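Encoded as structure tokens, the structure appears first; notes follow it.
Just so it is clear, the structure is predicted and the values come from calculations on it, not from any experiment. In what follows, every chain begins at residue 1, and chains take the letters A, B, ... in the order their sequences are listed.
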Protein chains: 2
Amino acid sequence: MQIQTYPDGFDLLLDGRLVLRHRSDAPCLFIGQGDARMDMYRGNFDIEDYVIERTPLSHAEVSGTGDEFEVSLCAAPGQPARLTLVISGSHCDGVIFFNSLDPSINRIWLRVVAGKNEHVWGGGEQMSYFDLRGRRFPLWTSEPGVGRDKTTEITFKADVAGKAGGDYWNTNYPQPTYVSSRRYALHVETTAYSAFDFRQAGFHEIEVWAVPDRIELTARPSFPGLVEAISERFGRQPPLPEWLYGGAVIGLKDGSRSFDRLETMIAAGVKISGLWCEDWVGLRHTSFGARLFWDWQANEDRYPGLPQHIAELASRGIRFLGYVNPYLAIDGPLFSEADAAGYFAMDDKDKTALVDFGEFECGVVDFTNPEAAEWFAERVIGRNMIDFGLSGWMADFGEYLPLDVHLANGVDAKLMHNAWPTLWAEVNARAVEKRGRTGDILFFMRAGFTGVQKYCPLLWGGDQSVDFTRHDGLVTVISGALSSGLLGNAYHHSDVGGYTSLFGNVRTAELIMRWAEMAAFTPVMRTHEGNRPRDNLQLDQDPEILAHFARMTQVYVHLVPYLKFLVAEASTRGLPVQRPLFLHFEADARTYAIQDVYLYGPDLLVAPVWQSGKTEWSTYLPEGSDWIHVWSGRTFAGGREATVAAPFGQPPVFHRAGSRFAELFAGLRNL
Amino acid sequence: MQIQTYPDGFDLLLDGRLVLRHRSDAPCLFIGQGDARMDMYRGNFDIEDYVIERTPLSHAEVSGTGDEFEVSLCAAPGQPARLTLVISGSHCDGVIFFNSLDPSINRIWLRVVAGKNEHVWGGGEQMSYFDLRGRRFPLWTSEPGVGRDKTTEITFKADVAGKAGGDYWNTNYPQPTYVSSRRYALHVETTAYSAFDFRQAGFHEIEVWAVPDRIELTARPSFPGLVEAISERFGRQPPLPEWLYGGAVIGLKDGSRSFDRLETMIAAGVKISGLWCEDWVGLRHTSFGARLFWDWQANEDRYPGLPQHIAELASRGIRFLGYVNPYLAIDGPLFSEADAAGYFAMDDKDKTALVDFGEFECGVVDFTNPEAAEWFAERVIGRNMIDFGLSGWMADFGEYLPLDVHLANGVDAKLMHNAWPTLWAEVNARAVEKRGRTGDILFFMRAGFTGVQKYCPLLWGGDQSVDFTRHDGLVTVISGALSSGLLGNAYHHSDVGGYTSLFGNVRTAELIMRWAEMAAFTPVMRTHEGNRPRDNLQLDQDPEILAHFARMTQVYVHLVPYLKFLVAEASTRGLPVQRPLFLHFEADARTYAIQDVYLYGPDLLVAPVWQSGKTEWSTYLPEGSDWIHVWSGRTFAGGREATVAAPFGQPPVFHRAGSRFAELFAGLRNL
């Protein structure tokens with residue numbers, strides 16, 4: 001970090017990049033006060049800020065030399081300083097510490113210098129837009145919404161039914177970190193509500209609804225180096241478990257019938273590594289239909305003799321996975337235990353806060369209480385799940401911390417809301433670690449925030465609609481993988497066939513097949529029956545789908561040697577398995593805004609068919625390599641668009657000419 | 001106006017009412033800078049403000065004595081003043097002049113003291129909410145929207161089709177003036193975009209996107225006195241023309257067939273004062289259907305021999321009315337004339353700005369050019385319309401001034417946009433006045449803004465949907481009449497049967513009949529065939545509707561002696577014909593938020609049936625009088641709710657016991 005002072009301001013440089021430019025008539029920092037209304041409706045939020053004050057801090061006084069500077073800021077010369085920045089760090093890694101001198105300040109807006117053709121990525125796991133430039137992104141963990149496009153009928157209906165339609169920026173996993181095409185990353189260390197506004201030509205504006213602890217800046221000469229540094233900062237995932245390489249994880253929630261259905265799939269040639277039954281805890285029947293029973297232990301009624309089944313599957317190399325979330329239903333035995341111990345978040349009247357999840361109420365285990373977190377990790381996950389024999393689970397939710405509860409650590413729930421996904425991940429990771437099963441047990445989460453990287457071994461892209469829509473369908477998973485991947489989440493996957501079926505929207509054979517084609521080229525291939533299994537096509541209902549799916553699991557297994565190489569790269573360098581094209585083709589700026597194509601490791605380019613009714617597909621191939629279409633063996637030049645036939649079973653995938661895995665990739669043609 | 005100074009601030013009192021309270025830790029004024037994005041889509045606007053600065057002006061220095069004070073304001077002691085207020089006026093009428101000392105300021109926010117149980121009304125013609133408390137109201141003339149309720153399918157479809165769904169605050173006629181239940185009115189003299197925010201408990205916040213010229217305050221001991229003062233301030237309408245008292249104005253746009261259809265109505269006993277044919281200018285055929293030809297002169301093809309028809313009707317006491325708007329279609333002869341004279345608003349390239357109205361383009365006559373305004377008044381309205389024989393017209397539009405045109409007066413179109421309805425009204429009024437026909441020719445407008453009162457003799461409530469919906473149906477007309485009436489618009493009316501039929505929404509017999517029942521108790525009873533006459537029921541298509549309508553016109557004519565009394569009251573005292581209950585029952589605070597019932601003058605209470613499927617209707621009757629149900633003669637006590645039978649033809653109407661018109665009202669029972 002380098003600071004240059006001028007009579008009326010200063011410039012801050014990071015490894016030669018101008019990052020902050022402050023002049024008295026163009027200040028870089030604004031402070032003030034807001035009074036926000038924040039209402040939650042089952043994980044969807046209606047938030048509106050009333051900005052009472054937004055004062056430009058026009059006058060800056062810089063002191064210090066060498067490695068640490070202090071910038072004292074006020075509205076005008078002669079006024080007392082309202083905020084100081086302490087800036088320190090090395091040439092290419094810097095930290096700006098914020099120190100408020102005025103307790104009324106609860107909003108800051110920082111302008112970071114932006115280039116005209118600059119691209120920005122990140123912001124957590126962004127489902128609609130990978131390149132964030134030109135839009136504003138509030139960063140607040142929530143349901144992502146159903147439809148997520150205010151021009152669609154489904155979004156409208158979801159909004160009317162429960163304020164649940166969402167918008168382009170809603171995500172289970174936001175993170176106030178971005179990566180710039182100027183080859184630096186900026187991270188805001190705060191759990192407060194924040195927003196990145198990339199709509200202005202000359203600056204990015206960072207808004208935080210608190211004085212943040214600090215802003216961290218990291219520059220590297222190349223994108224891979226930058227991603228590696230980011231991964232080091234936020235923590236690396238353990239490698240994928242060996243057992244996973246056996247094939248797909250099959251999601252069924254059909255009680256003990258699930259085992260029979262699994263046999264049908266095996267008989268059809270499906271390669272299987274695990275059976276995932278989220279209904280292992282039993283069901284609750286509501287007027288909305290069957291829901292899971294939110295008390296985390298095996299249900300003997302729904303899965304009689306489950307331990308024997310688990311052992312039998314294990315003997316054939318197939319693991320059994322379950323489900324958990326951070327709530328406890330009031331009518332389950334764990335609730336009483338936690339309640340007696342005082343492990344729940346409290347309400348205004350100092351009673352256990354109860355959250356309505358639709359005809360049943362739950363307590364929120366207070367993970368800011370170390371004893372409660374330890375109890376959940378040991379008593380619930382350790383004993384009821386790991387010791388019982390689960391090899392993994394969906395660690396669902398994390399986005400629903402109500403804003404009016406009282407927490408053990410005394411911090412405002414509005415400031416803990418974003419922190420919750422990471423606390424939830426930590427509870428899961430600790431339980432696994434205590435049993436010495438890190439790298440063997442695989443749990444997966446949709447919610448995230450800063451630091452989740454360190455604890456959560458696998459993201460899943462959340463609850464897409466069962467369709468090909470631009471903002472809630474198959475294609476959104478790619479953006480989710482690429483954006484979260486840049487921030488150090490090496491492993492991403494999604495529900496094959498999508499999840500959310502509402503308002504008559506049901507999945508088609510085509511959707512399941514296109515999704516499976518993509519999933520074969522992701523680190524984890526896992527199916528889901530969806531929220532309404534009976535109304536929606538399942539892969540074992542149609543021999544054509546099942547045969548296609550079996551073929552795609554064979555593709556997945558065939559690629560395991562390459563996947564193991566990618567896992568090693570993730571472990572050593574922090575590079576995500578799914579990568580934006582520019583990560584390895586930085587010289588080709590045409591790749592910077594591409595979000596429907598990805599590199600699967602350095603050598604494969606995957607362009608999933610994400611629209612219906614297609615028989616061929618076109619994709620841009622980066623300049624700097626020739627590309628071999630894996631199904632035809634045909635060579636295409638980089639730097640231009642290629643069009644290939646895309647029949648079912650042959651997703652548009654290319655490998656880099658000269659790859660050391662070329663022989664393996666060529667083998668795909670023989671499957 | 002009285003000012004009391006304190007060591008850290010001041011209080012401003014208006015006839016004993018605390019209006020402004022300024023303390024250094026709770027300032028009443030904030031200033032700053034915004035950069036708004038304002039996009040227009042055929043009269044619907046997408047507006048978003050980026051507030052760059054919002055600085056509390058915490059430090060105030062008051063000087064002056066007696067009748068004039070100056071308040072010098074800055075952010076902190078020792079800082080130069082950024083704005084001064086000059087406050088002057090009598091005990092109960094005051095003016096706050098704004099004087100900016102900083103050219104960067106383009107936003108102000110003023111906090112006015114609010115009482116806990118205070119109600120506020122006004123804001124122009126507000127269609128959704130009469131009592132404005134608890135909501136924010138942007139004040140910007142625009143299309144009101146179709147559906148105007150984000151939870152309805154029609155609003156959703158209108159939004160998707162053309163950003164045309166609207167919301168509760170969208171109105172053709174906004175005005176930055178409100179009336180408080182604390183018996184004072186506040187008016188902001190500005191044409192800039194502004195907003196009244198009544199959501200806070202302790203203050204109202206007035207936001208203006210410019211430094212306003214001034215804010216005017218008026219207090220009176222009683223509501224009628226206050227309304228009278230407001231009417232004096234903004235100007236009074238001429239009395240309604242005598243010919244109108246003959247009955248309803250029938251809207252037909254069926255070319256020369258309109259005359260035959262009129263005869264059918266007359267034969268059915270309909271009392272008629274005028275025939276209004278908006279298609280008198282001829283049609284243009286587009287892919288959306290038939291539109292009017294926007295060149296303002298009689299069309300001989302569609303209305304052959306129109307002068308003879310007009311004379312024939314006049315001999316029977318029936319006037320003929322037409323249609324005009326402030327645009328000229330590029331393919332009409334008037335366009336060339338205006339273009340040659342340079343009467344149009346110009347675009348960025350200094351060429352005539354053309355606005356697309358859907359398969360045809362128009363020029364915008366620049367009313368800031370006195371010659372252009374005069375030309376439109378004399379050449380277009382005077383010669384083509386008045387001299388031709390029209391006795392009135394719909395003076396449509398006024399809300400569409402594009403924000404990127406260049407105007408003759410050199411003022412930014414963003415600042416002239418709100419001024420346009422009043423300029424448009426003035427052009428019409430001047431044309432009428434020049435012919436000496438004020439009080440005889442009746443034009444009616446939907447658009448409005450400050451000062452429209454002085455020029456426009458009659459408002460019409462705009463384009464309601466053909467339904468009973470809460471935010472775009474029959475009931476909204478009542479709120480429109482009451483809110484605009486408080487601000488000095490004595491005369492209001494609406495399209496019997498509504499206007500907008502889109503997305504399969506068509507009118508029912510019930511809707512037409514309920515609307516006619518209300519219209520009989522408004523100063524002008526006028527029908528409209530709607531935007532899609534062929535798809536929608538017309539009153540002459542069904543003998544039952546026609547008979548019902550005939551009866552309601554007889555009710556209207558029967559009440560003329562009373563209506564004339566109300567017109568006299570409007571002329572002398574500025575009281576609107578349709579009045580909120582509290583205007584005459586101020587002691588009964590239960591009336592303050594009622595918006596679906598009105599007083600028709602001092603002695604009649606009208607509670608229109610505004611929902612479908614009703615056979616009886618309940619309404620609150622104000623305390624302080626007994627009330628006689630006009631159809632049954634039954635007496636009801638005030639201060640409680642009354643329920644009456646409401647068959648078709650007998651709208652729920654009550655007269656005040658002891659009214660000097662009691663005999664007239666009793667006569668309604670014999671119709």
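The residue from A:Tyr178, A:Tyr129, A:Trp169 that alone fulfils the ring pair (Phe, Tyr, Trp, His ring centres under 6.0 Å) condition with A:Phe196 is A:Tyr178.
Within the 4.5 angstrom heavy-atom criterion, only side-chain atoms of B:Arg111, from C-beta onward, approach chain A. Contact of B:Glu205 with chain A is made through the side chain alone, with heavy-atom distances under 4.5 Å. The part of B:Thr152 that comes within reach of chain A is its backbone (N, CA, C, O), which places non-hydrogen atoms under 4.5 angstrom from that chain.
A salt bridge does not link A:Arg133 to A:Asp131: none of the charged nitrogens lies less than 4.0 Å from a carboxylate oxygen. Here B:Asp11 pairs with B:Arg23 in a salt bridge; the nearest charged N to carboxylate O distance falls below 4.0 Å.
Looking at every heavy atom in both residues, B:Thr476 comes nearest to B:Arg470 through CG2-O, 3.4 Å.
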